[in-house]
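All values reported here derive from a predicted model rather than from experimental measurement. The chains referred to below are lettered A, B, ... by the order of the sequence lines, with proteins before strands, and numbering in each begins at 1.
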There are 2 protein chains.
Amino acid sequence: MTFTEKKKLSKKELILERAAAMFREKGFAATSMRDLAESVGIEAASLYNHIHSKSQILEEIIFRMAKKCNEHLNDLDKPNVSCIEKVEAIIRFHVQMMINRFDDYHVMVNDWIHLTEPSLSDFVSQRREYVQRLEAILSDGIAKNEIRPIAPYVAILTILSSVRGLEFWHRSRKQISAREMEEHMVQHLLGGLKAK
Amino acid sequence: MTFTEKKKLSKKELILERAAAMFREKGFAATSMRDLAESVGIEAASLYNHIHSKSQILEEIIFRMAKKCNEHLNDLDKPNVSCIEKVEAIIRFHVQMMINRFDDYHVMVNDWIHLTEPSLSDFVSQRREYVQRLEAILSDGIAKNEIRPIAPYVAILTILSSVRGLEFWHRSRKQISAREMEEHMVQHLLGGLKAK
DNA sequence: CCTACCGATCGGTAGG
DNA sequence: CCTACCGATCGGTAGG
């Protein structure tokens, strides 16, 4: 990698970072390329030396995050890990993503509607598959009597939405630390699942 | 009320209804007045005989819903109702609102960011007060040993976000009926709160 | 409720 | 990376 390429890469990363922050604050549609350019410190036209289009920015932010989620789930696919341990790891992973990559996570969860075809269908099917894999882990745990017989569909929905709800916590002046929040969430969400 | 006023009123209601549906589908910023006009069946300019501006539509949708939430909470403020009964009523109320008034609920929860001042501050403070009232009910229940000693802040956040997560369920071809979903949610969310 | 139209702003391109 | 600029579309108004 030449020096020029390296510089270009890091400027692109800066654009993606600022874009995620602005998309989260104002939403994808309400953020203009001129707003974004100002935040990056260049003219709007100059953005196009680093990225192809506004849609491409959204796609990169969202599919990078989706990839992280899928990879984490792949890493968990070991036979010696119990189902309840897997669920705990998934809760912790999502809580940490929500806290540490707040802008990117928020954009994935809220702005995927603004994806255009074929990216939209791609994302929706990736997400469907992800949810199904989580449900399979829960079903497996129920079959092995590790987990209380609860509708996997409802449990997964509750877990993923609760994480999404951390947005409130993130916005408010934080009464509770990130570490405490994570423990509370694990306790609350996992506590309701474990078989006695 | 004259006949003319009555007709105007119902056309305005139609506009608000269609607007909520489109804001939910595409987001407030991505919905144009021309899109909305087409959905209503008139020209864009004609919308302005019924409403003042695009922002006003958003405000009406959101503050009507906020009012419903506040009124429901006021109705619950009776001394002979236990805290756990109050929490159950709140969960059921939100689940039913999410299911029966899906578009309006979704717009309130997702598109409030697009409110402009002074409406934005108004909404944010109303929501803050609402959450504080819910927390107070939980704190009261904990003090009376009706509810397990859990951080009220986290519990309220979990309840409200889980309801929001019903969006997934609503979008998907429904494997579970509304009635079942409500019972599952009450069981799951209330079950984790009750003192033994 | 429509036609006609306003100024502003949008995403993006040409050319250097 | 900038200046200059494109066609398209935006929310909204005038006038009837």
*Between D:dC1, C:dC2, D:dG11, which nucleotide gets closest to the side-chain atoms of B:I42?*
C:dC2
*Separation of C:dC1 C1' from B:I15 CD1 (nearest whole Å)*: 11 Å
*Say whether B:Y105 and B:H94, considering side chains only, have a donor N or O and an acceptor N or O under 3.5 Å apart.*
yes
*Can you tell me how far C1' of D:dC10 sits from CZ of B:R34, to the nearest Å?*
6 Å
*If you pin A:D35 and B:S46 to their nearest nucleotides in DNA chain C, which one's is more 5'?*
B:S46
_So A:S55, base contact, sugar-phosphate only, or nothing? Heavy-atom distance under 4.0 Å._
nothing
*Whole-Å gap separating C1' (C:dC1) and CG (B:N49)*: 6 Å
*B:E38 CD to D:dT9 P: how many Å, rounded?*
13 Å
*When you get a sec, tell me which of D:dG11, C:dC1, C:dG12 is the closest nucleotide to the side chain of B:K11?*
C:dC1
*Are a donor atom and an acceptor atom from the side chains of A:Q187 and A:E183 found within less than 3.5 Å of each other?*
no
*Sort out for me which residue in B:E17, B:E60, B:H50 forms a side-chain hydrogen bond (donor to acceptor under 3.5 Å, both in side chains) with B:K12.*
B:E60
*What integer distance in Å separates A:L14:CG from D:dC1:C1'?*
15 Å
*Regarding B:S32 and B:D35, is there a side-chain donor-to-acceptor distance under 3.5 Å anywhere?*
yes
*asked:* Run the side chain to side chain contact (heavy atoms under 4.5 Å, CB included) test on B:L120 and B:E117 for me, step by step, so that the C-alpha distance in whole Å, both residues' side-chain angles and the decisive distance to 0.1 Å come before the verdict.
replied: CA-CA 5 Å; B:L120 179 60; B:E117 296 297 353; 3.7 Å; yes
*Under a cut-off of 3.5 Å for both distances of each Watson-Crick or G-U pair, what dot-bracket string does DNA chain C give, using [ ] for crossing pairs and | for inter-strand pairs?*
||||||||||||||||
*Of the listed nucleotides C:dT13, C:dC1, C:dC2, the one nearest the side chain of B:A45*: C:dC2
*Separation of atom CE in A:M33 from atom P in D:dC1, rounded to whole Å*: 14 Å
*Is there a side-chain contact between A:F28 and A:V107, using heavy atoms and a 4.5 Å cut-off?*
no
*Length of the line joining A:Y48:OH and D:dA4:C1', which is rounded to integer Å*: 16 Å
*Round to a whole Å and report the spacing from CZ of A:F28 to P of C:dC10.*
13 Å
*Does a side-chain N or O from A:H52 land closer than 4.0 Å to OP1 or OP2 of C:dG12, or not?*
no
*asked:* The side chain of B:E43 is closest to which nucleotide in this list: D:dC1, C:dT3, D:dG12?
replied: C:dT3
*asked:* Under a 3.5 Å threshold, yes or no: a donor from one side chain and an acceptor from the other, between B:N110 and B:R164?
replied: yes
*asked:* Tell me whether the side-chain N/O atoms of B:K54 come closer than 4.0 Å to OP1 or OP2 in D:dC10.
replied: no
